[in-house]
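Structure record follows, encoded as structure tokens.
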Amino acid sequence: MKKLFSLLLACMMLFLTSCNHIPPNGTTTGNLQNQEKPKDSELKDTIIQNGTSKFIDIPSRVIFESGKIFYYSKADGKAYVYCFDPLCDHSGGKCLANPMDTVKIYSFDFKNTFFINNRFYTATQYGQIYSFAFDGSDLKIEYGEDSYSLEEVNRALWSPNYRVYDKYIYIPLYADEKGNSCTLRFNTETKEMEDLTEETGNSILPHFFYNGEIYGRDAKLRTWVKADLELKKMEPIEEPPISMRFFGSVFYSTAYDDPTDYKNGKSIGIQAYDIKTGETTILTNEILGLEAYAYEVIDIDENYVYFYQWEEIEIGKDQKNRPVENNSGGKLYRVKHDGTECVCIFNDPSLDFIGREAVVTGNKIIIEGHSVGMRDGYADTWDSGMKVGTIGPDGKIEKFNPIELVY
């Protein structure tokens, strides 16, 4: 069985090595290095929470999955399949653009893939870490065996809730040889794996990093803690009201009249929780000038918070007499961080936003959506996929177009 993996690895290495062509937008590895973002350790008052996004946003492109893996070129506004071999058909278990066709031995899984020092690193649940260059070439096994049987591949050793800070990948284990949970840390520069639990006796399920400290849950007690990067010191804290959307030191989410029962509670606005000060600010419905629908914050840039509301407008019945709704109402809003200047920047009831996150890059915004309306006498949805809109000088978006996919 182990020969199977070795054969696939050899094929992928040969294929990916031959794929080292200049991408269609003309971006090269050298150019990308010149645009390198600051290291996590250099950022102050900034929340770091890798491994939670549907997008991988790097300086020259935005990578996403839509049937296959694509990258949106910030230079020309097109999305290219993540492959640089013009002769490749993206099948046969040899192409990163089609990870579902690789017998699940390699998986370009966004949740488990990280961009560190101009390389992608992917950690697998069966205990292997591999990396490759930003253009898919130079595939390397960074940690683990060169070959695995399918039985070993299907055995989950590592929890998929990896988190990355600077050069480190933090890896929670379901259980060590004694059945105890523990935390590993892989150094992508030295290629060394540390067992932080063995060294300190502490283990953590990391959620995010802030100013060089880890915030998460004690792997044994499941209570909230914060710790230094080596887990030498770990102290209990109250559970913070965090979310998946943040900017700087502030998390943004829907605010409810009863925060302990958000399923049945009434929306009262957008909640901004500052991990730096511990203070919570409510941008109320009245401040925003909106009705009490739940808010879906999809992205935040240096100036604005972008969101839509769950209006859940019924369009009609489909052919099986099931209700079809436009959950977002086709409306998209933005507001300044302090709650001022809240405006509807897009309004088209024929489009429903189904993505719960977006990427705002320059004057472009990318989000998943589909058309919704009546067709042949029945309510229906169609044309689902990634959409891109252009933010005009007045802040408004005239229309969202399907991203052009180039295979």
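Everything numeric here is computed off the predicted structure, so don't read it as measured data. Note that these values count all heavy atoms, side chains included, but never hydrogens, waters or copies made by symmetry. In this chain, numbering begins with 1 at the start of the sequence shown.
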Atom pair [atom1]/[atom2] of [X] and [Y] - distance to nearest 0.5 Å:
X    : Y    : atom1 : atom2 : answer
F307 : T254 : CZ    : OG1   : 10.0 Å
Y82  : I69  : OH    : CD1   : 10.0 Å
E311 : Q309 : CD    : CD    : 6.0 Å
S328 : L351 : OG    : CG    : 6.5 Å
T188 : Y121 : OG1   : OH    : 4.5 Å
I397 : K387 : CD1   : NZ    : 14.0 Å

How would you list, by chain and number, every residue that makes a side-chain hydrogen bond (donor to acceptor under 3.5 Å, both in side chains) with [X], sequence neighbours excluded?
X    : answer
K191 : E142
K276 : D45
N327 : none

Looking at every heavy atom in both [X] and [Y], which two are closest together, and how far apart are they?
X    : Y    : value
T197 : S181 : CG2-O, 4.2 Å
F70  : L405 : CE2-CB, 3.8 Å
W158 : I129 : CZ3-CG1, 3.8 Å
I287 : I282 : CD1-O, 4.1 Å
G316 : A379 : C-CB, 3.6 Å
E325 : V372 : O-CG2, 4.2 Å

Donor-acceptor contact below 3.5 Å, side chain [X] vs main chain [Y]:
X    : Y    : result
D57  : V62  : no
D274 : G278 : no
N202 : L231 : yes
H337 : D301 : yes
T361 : K364 : no
R163 : H207 : yes
S243 : Y252 : yes
S73  : G77  : no
D257 : K266 : yes
D166 : Y168 : no

Is a side-chain donor-acceptor pair under 3.5 Å present for [Y] with [X]?
X    : Y    : value
T122 : T113 : yes
D76  : Y72  : no
Q271 : T280 : no
N285 : Y293 : no
R119 : S131 : yes

>> Does E65 form a salt bridge (charged side-chain N to carboxylate O under 4.0 Å, His left out) with K54? I'd like the steps, not just the answer.
In response: CA-CA 8 Å; E65 185 173 5; K54 192 170 184 176; over 6 Å; no
> Under the side-chain hydrogen bond (donor to acceptor under 3.5 Å, both in side chains) criterion, do T390 and E398 qualify, and how do the steps go?
Replying inline: CA-CA 7 Å; T390 300; E398 183 177 343; over 6 Å; no
Are the side chains of [X] and [Y] in touch, meaning some heavy atoms are under 4.5 Å apart?
X    : Y    : value
F209 : L229 : yes
I47  : F247 : no
L184 : Y170 : no
I298 : I367 : yes
N117 : E189 : yes
P206 : P172 : yes
L157 : L173 : no
D383 : H370 : no

Counting heavy atoms not belonging to [X], are there more than 12 under 6.0 Å from its [atom1]?
X    : atom1 : value
E302 : CD    : no
K399 : NZ    : no
E238 : CD    : no

> Charged N to carboxylate O below 4.0 Å: is that the case for K317 and E314?
Replying inline: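 Judged by the 4.0 Å cut-off on N to carboxylate O distance, K317 and E314 do form a salt bridge.
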> Who pairs with N50 by side chain to side chain contact (heavy atoms under 4.5 Å, CB included), at least two apart in sequence or on another chain?
Replying inline: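 By the side chain to side chain contact (heavy atoms under 4.5 Å, CB included) rule, N50 matches D40, I48, F114, V164.
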> Run the side-chain contact (heavy atoms from CB on, under 4.5 Å) check on M386 and F64 step by step: do they pass?
Replying inline: CA-CA 9 Å; M386 291 295 176; F64 63 90; 3.5 Å; yes
> Between Y165 and F208, is the gap from one ring center to the other below 6.0 Å?
Replying inline: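 Between Y165 and F208, the centre distance exceeds or equals 6.0 Å.
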>> Run the salt bridge (charged side-chain N to carboxylate O under 4.0 Å, His left out) test on D228 and K232 for me, step by step, so that the C-alpha distance in whole Å, both residues' side-chain angles and the decisive distance to 0.1 Å come before the verdict.
In response: CA-CA 7 Å; D228 61 77; K232 294 178 180 178; over 6 Å; no
> Can you list the steps and then say if T381 with V324 is a side-chain contact (heavy atoms from CB on, under 4.5 Å)?
Replying inline: CA-CA 8 Å; T381 63; V324 176; 4.0 Å; yes
> F353 and F400: ring pair (Phe, Tyr, Trp, His ring centres under 6.0 Å), yes or no, with the steps?
Replying inline: CA-CA 10 Å; F353 297 110; F400 276 87; 5.3 Å; yes
> Quick one: salt bridge (Lys or Arg N to Asp or Glu O under 4.0 Å) pairs with a partner in residues 198-214, sequence neighbours left out?
Replying inline: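 Listed by first then second residue: E213-K226.
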> Going by the salt bridge (Lys or Arg N to Asp or Glu O under 4.0 Å) test, which pairs reach into residues 338-355, not counting sequence neighbours?
Replying inline: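 Pairs touching residues 338-355 that pass the test: K336-E341.
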>> Working note: E296 + R356, criterion salt bridge (charged side-chain N to carboxylate O under 4.0 Å, His left out); need CA distance, chi angles, decisive distance, verdict.
In response: CA-CA 7 Å; E296 191 69 60; R356 306 191 77 162; 2.9 Å; yes
> Testing F132, F55, F120, Y71 for ring-ring contact (aromatic ring centres under 6.0 Å, His included) with F115, which one passes?
Replying inline: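 Single pass found, and it is F120.
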